[in-house]
Amino acid sequence: MLLAVVAAAVMAACASIGRPEGGPRDEAAPVFVKSDPMPGTLNFAGRRMTVMFDENVQLDDPTSKIVVSPPQKQPPKISASGRRVTVDFIETLLPDMTYTVDFADAVKDLNEGNVLDGFALDFSTGSSIDTLSISGMVFEARNLEPAQGMIVGVYNAAAFTDTTLTTLPLERITKTSQTGVFTVRNLAPGNYRIFALNDLNRDYHWDRSEDVAFYDVELRPEALPAEYTDTIAGSDGLDSVVTVAGVRYVPDDVLLTWFNENYSPRYLLKNERPERRRLELIFSAAADSATQLTIAEGPHAGAPLSRFAVTETSAGLDSITVWLTDTTVMAADTLRLSARYQFTDSTDQLSWRTDTIPFILRGQRKKPAKEKAAADTAAPKLEFISFSPQTGSSQDLNMPLAFKAGTPIAGIDSAGVRLEMVDDTLLIPVTAPPLSLRDSLNLREFTLKMDWKPSTRYRLTIDSAAVTDVYGLHNKPIVHEFTTKGLDDYSALFFNIVGLPDSVTAVVELLRGDDPERRAATVNGTAALEYITPGTYYARLFIDRNGNGEWDTGSIAGQRQPEEVVYFPKKLNLKKNWDVEQTWNIYETPVDLQKPADIKKNKPKLTPAQQREANKKGKQNGYDDEDDEDDMMWNTNDPFSQNPAIMRRTR
């Protein structure tokens with residue numbers, strides 16, 4: 001008999017269909033009364049299940065929430081009428097198989113909307129019924145958001161191969177609750193591999209573009225004797241606590257963190273020529289080698305395009321901007337290039353291919369002869385390049401000055417660039433490093449990196465013609481005045497990390513919401529984040545296994561988990577001219593309680609009774625604005641929240 005049925009009976013209390021006007025409000029979930037077949041039925045040969053409750057019920061999104069295990073290609077038809085829920089199986093049930101119908105939180109009463117959560121029924125088409133289970137929680141690896149409505153399932157480990165996950169449906173499944181909790185029920189004895197999937201096409205196996213989580217080791221479910229305490233109301237009105245014998249189904253502490261491999265087949269998505277001198281190539285995904293371009297026809301056929309152009313690329317090599325610099329190449333309205341680039345072949349591997357790609361100049365109006373003749377005799381109009389500062393009049397002490405040009409820059413004459421401090425009417429020259437490219441891939445963005453003096457007014461002057469682009473054009477004179485912020489405009493935050501092995505580096509991220517604003521790698525177990533604009537922040541860190549300073553996702557083929565993420569469980573109020581030091585034991589707070597409720601997105605919906613109670617306390621959406629323990633203990637009915645020691649990661 002399933003524990004869910006027992007739990008439903010315990011929750012029964014006093015449910016009613018309605019209440020007289022002025023009487024007590026119905027706050028009890030519907031109570032299971034009976035079913036056909038009854039839980040634990042053997043040798044079931046029917047095609048319909050009916051379930052009766054003690055009051056009129058309704059179903060919330062049954063197609064999505066109610067799961068039949070093992071999974072069926074043709075989902076059953078499920079409906080509610082009065083106190084009855086009917087499940088009509090379309091697909092023939094397998095012989096000698098234990099079936100679970102997991103209603104999750106789909107059943108609620110008709111009047112008040114009180115939810116019967118975690119309700120499931122089982123039966124067998126054979127002479128025995130399997131009763132073991134595996135339980136745990138699923139979170140998003142990058143931000144520890146509870147995974148709501150995600151498929152969790154198992155394969156028999158003895159038959160599992162490298163292709164099983166991508167070709168065969170999961171053998172037994174369930175879905176995660178609103179808090180990410182799952183229980184895969186009615187398992188036979190044996191070893192299992194467990195996975196979580198965001199099964200977008202409902203084929204019950206993994207496609208490379210889908211979100212996925214896996215556990216590193218095989219799991220062997222067991223039923224262990226256990227003792228539980230319960231409170232019994234006596235006839236004298238006094239409660240007494242008793243210890244009762246029961247069964248604990250393990251493992252019940254499996255933690256899965258889902259990730260996406262960010263796989264996308266690579267192909268040429270778009271090629272265009274928005275202006276005569278500029279070409280664009282956009283690919284659908286990144287590559288690990290640069291695209292090679294040659295001229296395919298005309299007098300320069302076979303020559304590499306780099307002789308007649310300069311090229312900018314994105315960091316992932318998925319976009320290319322070509323600036324033509326040769327007038328004979330630029331003059332052709334149609335330019336054909338031979339492009340050798342990486343694409344995804346039929347085996348999902350990057351391979352090389354060569355295509356001839358036309359670049360056609362469109363929408364260019366040809367001037368009439370008279371207009372062209374007039375233009376040829378007119379005095380030439382002076383052209384200047386666009387080169388301008390990207391920072392305003394207030395300059396952060398820890399940031400460089402940034403400049404951006406409209407076209408690729410060929411050179412900057414440092415003699416024409418001057419930095420001065422402004423002191424009343426005095427201009428004091430300052431020795432500064434030259435303007436330099438932000439990175440080698442972009443030829444239009446420059447920075448001036450400087451150790452700025454706090455609370456100081458500066459003037460940067462760039463003389464006319466000090467900056468020249470690849471077309472020989474130069475800049476107008478530029479004068480940029482700005483004032484640096486004072487030290488007392490900032491806050492600083494220092495973390496002493498406890499629980500991080502000496503040989504491991506982590507990266508601490510300072511957050512507003514879930515968006516990192518600052519990062520700092522740990523050094524000897526400490527992380528320093530300085531020059532922070534005062535405000536309310538949050539923090540998380542990730543274990544930087546490969547030392548590249550970036551969070552890396554997981555890999556199914558490589559059996560590599562995503563890099564581990566940990567949240568600091570409280571908000572951080574940083575004030576002007578304050579240094580804040582925090583000790584952070586990264587494994588002290590259980591995973592499901594780490595992320596502060598203020599920035600948690602996947603919060604469970606409150607029941608009507610919970611919402612009324614929250615409204616009484618003046619809360620919004622059931623959560624305080626106070627920075628205290630209550631902010632984290634938002635799921636008091638979740639056994640994982642009440643027993644943090646049982647949650648375990650795989651590393």
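No hydrogens, no waters, no symmetry mates; every other heavy atom, side chains included, goes into these values.
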Side chains of [X] and [Y]: is there a donor and an acceptor less than 3.5 Å apart?
| X | Y | answer |
| --- | --- | --- |
| Asp105 | Gln178 | yes |
| Asn496 | Thr526 | no |
| Thr163 | Thr166 | no |
| Asp488 | Asn577 | no |
| Asp544 | Thr505 | no |
| Asn114 | Asp109 | yes |
| Tyr567 | Asp514 | yes |
| Tyr99 | Asn186 | no |
| Asp102 | Thr174 | yes |
| Ser69 | Thr100 | no |

Kindly say whether [Y] contributes a backbone atom to a donor-acceptor pair with the side chain of [X] at under 3.5 angstrom?
| X | Y | answer |
| --- | --- | --- |
| Lys453 | Leu397 | no |
| Glu261 | Ile556 | yes |
| Glu210 | Leu200 | yes |
| Tyr228 | Val247 | yes |
| Glu171 | Asn156 | yes |
| Asn585 | Gly499 | no |
| Gln58 | Lys108 | no |

Just wondering, more than 12 heavy atoms not from [X] lying within 6.0 Å of its [atom1]?
| X | atom1 | answer |
| --- | --- | --- |
| Asp162 | CG | no |
| Asn524 | CG | no |
| Gln559 | CD | yes |
| Tyr531 | OH | no |
| Asn546 | CG | yes |

Among Asn260, Asp207, Leu197, find the one that has a side chain to side chain contact (heavy atoms under 4.5 Å, CB included) with Val212.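 Answer to the side chain to side chain contact (heavy atoms under 4.5 Å, CB included) test with Val212 among Asn260, Asp207, Leu197: Leu197.
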Taking all heavy atoms of [X] and all of [Y], pick out the closest pair and write down the distance.
| X | Y | answer |
| --- | --- | --- |
| Arg512 | Thr533 | NH2-O, 4.1 Å |
| Thr484 | Ser455 | OG1-N, 3.1 Å |
| Arg185 | Ser133 | CA-CB, 4.1 Å |
| Gln594 | Ile586 | NE2-O, 3.9 Å |
| Leu144 | Phe139 | O-CD2, 3.4 Å |
| Ala520 | Ala527 | O-CB, 4.3 Å |

Among Glu564, Glu145, Glu509, which one satisfies salt bridge (Lys or Arg N to Asp or Glu O under 4.0 Å) with Arg540?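 Testing each of Glu564, Glu145, Glu509 against Arg540, the sole residue satisfying salt bridge (Lys or Arg N to Asp or Glu O under 4.0 Å) is Glu509.
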What about Phe160 and Tyr192, are their ring centers closer than 6.0 Å?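 Not close enough - the centres of the two rings lie 6.0 Å or further apart.
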For the ring pair Phe119 and Phe53, is the centre-to-centre distance below 6.0 Å?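 Under 6.0 Å, so yes.
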Ring of Tyr155, cation from Arg193 - is the NZ or CZ under 6.0 Å from the centre and inside 45° of the axis?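 Output no; distance or angle outside limits.
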Quick one: do Lys485 and Asp396 make a salt bridge, cutoff under 4.0 Å?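 Here Lys485 pairs with Asp396 in a salt bridge, since their nearest N and O are under 4.0 Å apart.
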Contact between Leu121 and Phe32 at the side-chain level, heavy atoms closer than 4.5 Å - yes or no?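 In short, these two side chains touch, coming nearer than 4.5 Å.
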Min side-chain heavy-atom separation Gln395-Trp452 under 4.5 Å: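 Touching, per the 4.5 Å side-chain cut-off.
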Yes or no on side-chain hydrogen bond (donor to acceptor under 3.5 Å, both in side chains) for Asp216 and Gln561, after CA distance, side-chain angles and deciding distance? CA-CA 8 Å; Asp216 290 314; Gln561 293 284 356; 3.3 Å; yes
